Number of protein chains: 2
Amino acid sequence: MTDERGLRLAALPRDHPCGRCEVRLDTFCGALKAKELAEFKALGSTARAEPGQCLFHEGDTAELVFNVTRGTLKLYRLLPDGRRQIASFIQPGDFLGLTVEEVHAYTAEALEPVDYCRFPRERFDRFADEHPEIGRELYAMAAHELAAAREQIVLLGRKTAIERVASFLLARFDRVRARNPDWEIVRLPMTRTDIADHLGLTKETVSRAFTSLRRRGLIALIPDARVELLRREPLEHLAAGERG
Amino acid sequence: MTDERGLRLAALPRDHPCGRCEVRLDTFCGALKAKELAEFKALGSTARAEPGQCLFHEGDTAELVFNVTRGTLKLYRLLPDGRRQIASFIQPGDFLGLTVEEVHAYTAEALEPVDYCRFPRERFDRFADEHPEIGRELYAMAAHELAAAREQIVLLGRKTAIERVASFLLARFDRVRARNPDWEIVRLPMTRTDIADHLGLTKETVSRAFTSLRRRGLIALIPDARVELLRREPLEHLAAGERG
DNA sequence: CGGACTTTTGACCAGGCTCAATAATAGTGG
DNA sequence: CCACTATTATTGAGCCTGGTCAAAAGTCCG
């Protein structure tokens with residue numbers, strides 16, 4: 001298990017039919033009683049997607065809501081001439097497909113093998129309506145996503161190439177550290193092209209930025225698509241946009 | 001009354017203490033009974049901000065929630081060296097200051113004289129908790145804002161200068177047309193610098209894009225900071241990112 | 001080991017930025 | 001109403017960051 005969730009997941013009973021699901025819904029564990037949680041989980045069914053498979057495409061009617069339990073996806077939109085913008089990367093624990101629109105505005109494609117629970121949207125919505133505490137959780141999640149989206153807006157609107165890459169890496173490191181405070185290595189399951197399409201750059205520029213950060217001694221590139229954080233402070237300064 | 005809300009507001013009793021407020025809370029009119037609506041409005045008090053004044057600054061503790069009833073604001077963040085990114089422009093009817101964080105991540109500054117209702121956050125939250133239908137409205141609003149933010153991400157990440165300006169103008173026109181379907185003129189209360197800081201460009205590039213659109217016969221620039229839409233189709237093609 | 005793919009690096013190019021000058025516009029006070 | 005000023009918008013010239021195109025090096029498979 002090389003993935004960033006690391007030890008905690010490894011310690012869980014993998015054979016339990018909803019073992020993974022149980023963890024990834026921990027957001028709701030605080031909000032729901034055991035009985036209600038079981039009831040909620042009964043609404044969904046588990047499934048798997050292989051790399052390159054899409055859970056839904058831009059323009060599809062939004063019939064399902066997803067909760068990712070393993071693996072990473074990219075959420076992107078294509079312009080008519082093929083330019084691509086990746087709005088965000090979706091990781092274990094994230095919900096996906098929540099929308100008030102009729103159709104999805106983005107395509108969700110698996111980067112690696114992905115396990116997920118899927119809920120019929122109608123049943124999901126009804127459950128949320130009947131359980132205000134869930135509604136509140138969903139609201140908090142939307143608010144967090146909005147904050148993250150606006151962070152990305154600042155990045156795309158005003159940061160230089162190397163600042164964007166520094167911000168991206170720090171966001172990855174922080175996500176790992178939330179669970180493993182002393183973890184200094186993160187795996188990047190996405191290609192340079194994916195990162196570029198997320199940061200509004202080209203793959204070449206992303207690669208040059210990685211090289212520059214490595215030469216400055218801020219990071220190290222490790223086999224198996226991993227990155228090690230060597231010096232956090234200067235990386236944070238770069239990410240914050242302090243010129244120098 | 002040159003402003004885009006146009007006739008509808010003009011027809012309201014201006015002397016009524018909450019006349020304006022009544023309109024701008026129309027989002028909730030459908031969700032709440034008259035008695036509850038009155039109860040809700042009693043939570044807030046009206047106030048005014050002059051151009052340049054800020055309702056709150058980046059880093060302030062979030063103690064109030066705002067609902068704008070007249071005028072336009074810009075919501076922005078500054079990088080340490082002065083680079084600025086305007087996340088969005090806030091218009092009559094919009095809520096402001098809704099966050100699950102303790103502090104505001106952005107500064108909200110008035111572009112023109114702004115009237116607004118303000119609600120103590122605690123009371124606002126409690127009311128929302130007690131009225132699930134309000135919670136649902138808030139969730140829908142957050143979802144819409146998230147969709148708009150992601151639209152902006154596509155714009156900033158992958159569109160050219162002229163495509164960004166075309167998208168920006170169309171968004172303005174569409175907002176007007178939602179209320180006045182045959183309205184083809186929009187006032188832009190923000191400066192070229194503001195537009196530039198919203199679109200990730202410089203004021204010179206924005207100005208050149210306006211000139212280019214005018215020379216192509218897609219728009220006309222009218223005194224009093226207004227723009228007329230002459231040819232919608234080609235502007236939409238540009239905004240959508242069809243190269244050519 | 002071989003082939004496909006990804007990443008890195010290099011050389012050159014261009015879209016948009018910077019700096020600067022001019023023009024238009026909006027206030028302001030006489 | 002108009003001159004005067006301050007601010008904003010437009011236009012021009014040159015530059016630079018990051019894009020494009022191409023080649024080499026590295027990686028991951030079977």
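Since the model is a prediction, treat every value here as computed from it, not as a measurement. Just so it is clear, the values below take in all heavy atoms, side chains as well, and ignore hydrogens, waters and symmetry mates. Every chain is numbered from 1 and lettered A, B, ... according to where its sequence line falls, protein lines coming before strand lines.
Under the 4.5 Å side-chain criterion, counting only non-hydrogen atoms from C-beta, T107(B) is not in contact with L78(B). In this structure, R77(B) and E151(A) have side chains that are in contact, with non-hydrogen atoms separated by less than 4.5 Å.
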*asked:* Assess the residue pair S45(B) and R118(B) against the criterion (side-chain hydrogen bond (donor to acceptor under 3.5 Å, both in side chains)); give the C-alpha distance rounded to whole Å, side-chain angles, the decisive distance to 0.1 Å, and a yes or no.
replied: CA-CA 6 Å; S45(B) 56; R118(B) 60 184 168 209; 3.2 Å; yes
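L221(A) comes within 4.0 angstrom of sugar-phosphate atoms only, judged by non-hydrogen atoms across all strands, and of no base. Base contact: S207(B) has a heavy atom under 4.0 Å from a base atom.
Atom P of nucleotide dT10(D) and atom CZ of R215(B) are separated by 11 Å, given to the nearest angstrom. Distance CE (M190(A)) to P (dT7(C)): 11 Å, rounded to an integer number of Å. Rounded to whole Å, atom C1' of dT6(C) lies 16 Å from atom CD of E112(A). Distance CG (L213(B)) to P (dT10(D)): 12 Å, rounded to an integer number of Å. The nearest whole Å value for the distance from the CG atom in L201(B) to the P atom in dG18(D) is 15 Å. Across the protein-nucleic acid pair, R214(B) atom CZ and dA23(C) atom P stand 16 Å apart, rounded to whole Å. Put simply, CZ on R84(A) is 15 Å from P on dG19(D), counting in whole angstrom units. Rounded to a whole Å, the NZ atom of K203(A) is 13 Å from the C1' atom of dT9(C).
Salt-bridge formation is detected for the pair D94(B)/R175(B): a Lys NZ or Arg NE/NH1/NH2 atom is positioned less than 4.0 Å from an Asp or Glu carboxylate oxygen. The pair E163(A)-R158(A) fails the salt-bridge criterion, with no side-chain N (NZ, NE, NH1 or NH2) lying under 4.0 Å from an Asp/Glu carboxylate O. A salt bridge does not link R214(B) with E228(B): none of the charged nitrogens is closer than 4.0 Å to a carboxylate oxygen.
Using modelled atom types, one finds a donor on one side chain and an acceptor on the other under 3.5 Å when comparing Y76(A) with E109(A).
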*nucleotides 24-30 of chain D: protein proximity per nucleotide (B base, S sugar-phosphate only, - neither; heavy atom, under 4.0 Å)*: ----S--
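Interatomic distance, OG of S167(B) versus CG of L199(B), reported as 8.5 Å (0.5 Å rounding). Taking NE2 of H104(A) as the start and SG of C54(A) as the end, the distance is 11.5 Å to the nearest 0.5 Å. Here OG1 of T193(A) is found 5.0 Å from NZ of K203(A). Values are rounded to the nearest 0.5 Å.
Taking five base pairs at each end of the helix from dC1(C)-dG30(D) to dG30(C)-dC1(D), the local helix axes there meet at an angle of 50°, rounded to 10°.
The phosphate of dT8(D) (OP1 or OP2) has no side-chain N or O of T193(B) nearer than 4.0 angstrom.
Applying a 4.0 Å cut-off to non-hydrogen atoms, none of the residues of residues 149-166 of chain B approaches DNA chain D.
A salt bridge (charged side-chain N to carboxylate O under 4.0 Å, His left out) check over residues 49-60 of chain B, counting only residues at least two apart or in different chains, returns nothing.
Ring to ring, Y106(B) and F56(B) are not that close: their centroids are 6.0 angstrom or more apart.
Y116(B) does not carry R48(B) over the face of its six-membered ring by the limits of under 6.0 Å from the centre and within 45° of the normal.
Take A147(A) and apply the side chain to side chain contact (heavy atoms under 4.5 Å, CB included) test, not counting sequence neighbours, and it matches no residue.
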For nucleotides 20-22 of chain D, tabulate all protein N/O to nucleotide N/O atom pairs closer than 3.5 Å, reporting atom names and distance.
unit_1	atom_1	unit_2	atom_2	d
dT20(D)	O4	R208(A)	NH2	3.0
dC21(D)	N4	E204(A)	OE2	3.1

